[in-house]
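Notes follow the structure.
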Amino acid sequence: MSWIDIASVEDIPLRGARKIRTALGCVAIFRTAEEEVFAASDTCPHKAGPLSDGIVHGQRITCPLHNWVFDLNTGQAIGEDAAIPTYPVRIEAGRVLIDASRLTARKVA
Amino acid sequence: MTRNLVIIGAGMASGRAIEHLLDTAPDNWNITLFNAEPRGNYNRLMLSPVLAGEKTYEQIVTHDDAFYTDNGINCRFGEKVIAVDRARKVVVGEKGEVPYDKLVFGTGSNPFMIPLPGHDLPGVIPYRDLEDTERMMSLGARPGAKAVVIGGGLLGLEAAAGMAAQGVDVTVVHIMGHLMERQLDEAAGYLLKKSLEAKGIKVLCRANSKEILADDQGHARALLLDDGTELPCDLLVMAVGIRPNVKLAQEAGLAVGKGIHVDAQMVTSDPDILALGECVEFDGAIFGLVAPLYDQAKVLARTLAGEEAAFVNREVSTKLKVTGCDLFSAGDFAEGEGREDIVFRDPARGVYKRLVIEGDRLIGAVMYGDTADGAWFYSLIKDGSSIEEMRDTLIFGPAAQGGASADPLSAVAALPPDAEICGCNGVCKGTIVEAIQGGAPDLGAVRAKTKASASCGTCTGLVEQLLQVTLGDDYAAPTAQPMCGCTDLTHEDVRRLIKTKPLKSQEAVWQELGWKTRNGCHSCRPAVNFYLLADWPLEYRDDPQSRFVNERKHANIQKDGTFSVVPRMWGGVTTAGELRAIADAAEKYNAKTVKVTGGQRIDLLGIRGEDLPAIWADLNEAGLVSGHAYSKGLRTVKTCVGSDHCRFGTQDSTGLGIKLEKALWGSWTPHKVKLAVSGCPRNCAEATCKDVGVICVDSGYQVGVAGAAGMDLKETERLADVPTEQEAIDLTIAFVQLYRENAKYLDRPYKWVAKVGLDWVKEKVVTDRESRAALIERFELSQSIYRKDPWAEHAAKPAAYQPLADLTLEAAE
Ligand code: SRM
Ligand SMILES: Cc1cc2nc3c(=O)[nH]c(=O)nc-3n(C[C@H](O)[C@H](O)[C@H](O)COP(=O)(O)OP(=O)(O)OC[C@H]3O[C@@H](n4cnc5c(N)ncnc54)[C@H](O)[C@@H]3O)c2cc1C
Ligand code: SF4
Ligand code: FES
């Protein structure tokens, strides 16, 4: 694993999200409670809605375009046969760290 | 052969280690015990009950003088160790050296003091030892004494509650959104705050301390917050965290990270030196509660005895030692894949329980109000037992295990006749069953006969279950639609309860109305957010995270994730300067389409999210503000040219439209609200199909309401004809406020009026002048907060619209 410090946890609104740019496209960082964050693809598998613009509730996110709901632990869409990739992320001393090993790697030609 | 063992620090951890040592090998060691505090071991945890006056210091001493004498321990109390010379194997105390064969660090931790200006003034103390406790207790002797506690964690709250019990006027200042955020979730934090407030303690969350102010004598006199609030105090207690006390170890050249590095045998980087307690770091972890320290003490004693033992860091549980605040938390809420929540709330008793499950194991538990099952849950967490079999009844604790049915109906059927069902009116089960058997066929009849569920309504579900149990198939359950899967209450119930209970925060709604989820879902949360801000404009703060993206970002999201920007054009009137600014903005930010809308203004489509603050700043500069084309709020006021230009115009319809738009803009409503004013019955502004439409006539103004021209088509109904423009404005505002206060979220006015009846609306808005005036007054109060341009506010903090980080710029490998 290669943990990268991306921001202060305070930069992400409580029950909200921010996105980061990565080699795999945009990844959304969700903050569900004071000390709880998740990371997952920002792109909805339905019609590419930006998930970081959705509503965060419990440990779930609702897509802003057509209300698909995803479990942030697993990335699984509730009641749909679809899922979004999730990524390891954690909080240490008020900072958000993400495992960047997959997110910065250059694609092998 | 006895060897010399020197222990630095007579704390909770080393005290326990000494006991184990004496138990196993009493004669092996010649022990010297240093302690910087002028006393031996006492139970530090119990300082809080001492502070609260529930115990005396004597009662919390764990090892008295006799203990040390009987066991031949050389006590060097009140003497600090100032150095350790590892080469010569001696410890240097303030009063002289002591040689050691083995040395133990048990130096605990230091309270962290935020380096605010004034943090070193007299009158600013931490909460760690007996001296601090005595300082706080001495305040109680002074009538009218005030204290401020910075930090809403375990220690801060125990300090606050202890001082409050001594009669001190205490305010707790906490930087996070809820108390004890490490151990509690928001729901439990809300209940805790409520209990503390009931004890007279003031609690300020999200409060940022800026400076500690001094009086003429240079003593702390007040805490200044960054919003300018001054909190006067005679004593300021800082309880914001601890740092392992590693200075001495570091100077002695031991390996030190956050704490003194130890292995699982509690041995430091020097094989003759061991360490335990809050001063150590093991496997990246540091410690702040005693349970793991006691395990360390056991291991340390065995290591010294030459036996094998290894320390394993385990889950800890927390309780707050404040009488009347019954909370429990254990395990992990912050990390882990594939977890699930089980939530139970009993609003009447102020009980909240939440379990976090991962796979078939319980990994975390938070409880408030009823913590009797805490130990049981804690053991499930610790042991990692499978809970597969009892998942459905797990939250009801051990009593519910072993075949008891979880069916709510049989639970109600099993209640004894004297079980209280309606807490507000003190109605028990027997009375309700009698009423039903005596011929009350439905909820309304039971309410009329017994008053059960006629007050706060939270027992409605129980009463319905009783109807079902008593009448069986004869009872047809009502089909009222609950708001969503998070609650059984309808929108109407929730609105009513928010007003009557009263509930002024989301957490209050979740808890008091027994929500089944942690914080609602995308369907109920926006509704609850609106109800709260409509009913409590001053007390409740709008929560953007409970809004659909359009209202959070103040622009309409498009199918490709870009946004559309629609500036307000008051009454559909614009100027050459405004049009120029719009044209410039369209070019500068590459609007894909520029379109005249059906609402008499201009839409710039395809703007990138990142550019929103910049385009708003540009438009603001030309005097343009948000058109709220995205909001459940006032959209547009269409007008026609009216008497200014038109040969048929009877009144200044454009002017009235602009006045209405200026009065109503910025307000949030249950659904969007659109108005129009036409200058004569030819109705060029299409006023007869709007939420409120005014037709100007020679004799004055015809005000119509509840029209529709979207998914349904419906002509407005006449609210009243009035002779003056001012009255037309008053009626409109009063109508909109009545709609704001009563309608279900996402009901347009025409749907709402159909439910409540136009006669009732006329009564409140037209005939009853007092009611009209009160509605207008409440609207104005709300507008004192919401009548402002959100674009200007957001343009000032553009960072939130940018990506948080860009990992594509990070080098790979
Ligand atoms: C831009 C505009 C169309 C246009 O190019 O003219 C428009 C665009 C949208 N309308 Fe509309 N409506 C527009 C005038 C209307 C009108 C005509 C009017 O206002 O005179 C109506 C019929 C009157 C009415 O409000 O009922 C109208 C009835 C609707 C409805 C149906 C509402 C209903 O209660 O029946 C929706 C859906 C909804 O709100 O749930 C809707 C929803 C939408 C949304 C917000 C759809 C969405 O959720 O994304 C569209 C946003 C596009 C965007 O990104 O800007 N739009 N929409 C008009 C903007 C007016 C403005 O300046 O603010
Ligand atoms: C008010 C209060 C309430 C608490 N409540 C709880 C609770 O409910 N549950 C819980 O699990 N935990 C609680 N804690 C935390 C708990 O008390 C600590 O985790 C525990 O005391 C740590 O033990 P320790 O032996 O590592 O350090 P300590 O008990 O702090 O002992 C360290 C000792 O070393 C001495 N020392 C330091 N440096 C030197 C030196 N150079 N020379 C000589 N002596 C030195 C210090 O004076 C101190 O007496 C509470 C703490 C406080 C302050
Ligand atoms: S009519 Fe339909 S497609 Fe056209 S703007 Fe309105 S909502 Fe969009
Ligand atoms: S794009 Fe996410 S639900 Fe349609």
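Sequence lines set the chain letters: A, B, ... in the order given, protein chains first and strands last, and positions in each chain run from 1.
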Checklist entry - Considering only heavy atoms, which portion of Glu10(A) lies under 4.5 Å from any heavy atom of chain B: side chain, backbone, both, or neither? => result side chain
Item to check | Which portion of Ala7(A) sits near chain B, non-hydrogen atoms under 4.5 angstrom | outcome: side chain
Checklist outcome for this item: Value for CG (Asp341(B)) from CZ (Arg60(A)), rounded to nearest 0.5 Å, stands at 9.5 Å
Checklist entry - Rounded to the nearest 0.5 Å, how far apart are CG of Asp806(B) and OG1 of Thr22(A)? => result 9.0 Å
Checklist entry - Is a side-chain N or O of Arg18(A) found less than 3.5 angstrom from the main chain of Gln802(B), in a donor-acceptor match? => result yes
Item to check | Euclidean distance, Leu804(B) CG relative to Cys26(A) SG, rounded to 0.5 Å | outcome: 11.5 Å
Item to check | Partner chain B: residue of Gly54(A), Gly75(A), Gly49(A), Ala48(A) with the largest heavy-atom pair count (under 4.5 Å) | outcome: Gly54(A)
Checklist entry - In Å and rounded to the nearest 0.5 Å, what is the CD to OG1 distance from Glu186(B) to Thr32(A)? => result 9.5 Å
Next on the checklist: At a 4.5 Å cut-off on heavy atoms, which part of Ile61(A) comes close to chain B: side chain, backbone, both, or neither?
Outcome noted: neither
Checklist entry - What part of Val96(A) gets closer than 4.5 Å to chain B, counting heavy atoms only: side chain, backbone, both or neither? => result neither
Checklist entry - Is it the backbone or the side chain of Ile6(A) that comes under 4.5 Å from a heavy atom of chain B, or both, or neither? => result both
Item to check | Residue Pro64(A) versus chain B: region with a heavy atom under 4.5 Å | outcome: both
Checklist entry - If only atom types and distance count, is the side chain of Glu34(A) paired as donor or acceptor with the main-chain N or O of Met176(B) below 3.5 Å? => result no
Next on the checklist: Closer than 3.5 angstrom, by distance alone: can the side chain of Arg525(B) be matched with the main-chain N or O of Val56(A) as a donor-acceptor pair?
Outcome noted: yes
Item to check | Top of Val69(A), Ile98(A), Asp71(A), Leu65(A) for chain B proximity - count of heavy-atom pairs under 4.5 angstrom | outcome: Leu65(A)
Item to check | Reported CD1-to-CG distance for the pair Ile557(B) and Asp53(A), which is rounded to 0.5 angstrom | outcome: 4.5 Å
Item to check | Engaged part of Asp560(B) at the chain A interface, taking heavy atoms whose separation is under 4.5 Å | outcome: neither
Item to check | Nearest-0.5 Å distance that lies between atom CD1 in Ile55(A) and atom CZ in Arg547(B) | outcome: 9.5 Å
Checklist entry - Counting only heavy atoms not in Lys210(B), do more than 12 sit closer than 6.0 Å to its NZ atom? => result no
Checklist entry - In terms of heavy-atom pairs under 4.5 Å with chain B, which of Asn67(A), Asp42(A), Ile12(A), Val27(A) leads? => result Asn67(A)
Next on the checklist: Looking at Glu36(A) and Arg182(B), is there a salt bridge between them, counting it only when a charged N and a carboxylate O are closer than 4.0 Å?
Outcome noted: no
Item to check | Part of Pro544(B) within contact of chain A (heavy atom distance under 4.5 Å) | outcome: neither
Item to check | N/O donor-acceptor pair under 3.5 Å between Asn519(B) side chain and His57(A) backbone | outcome: no
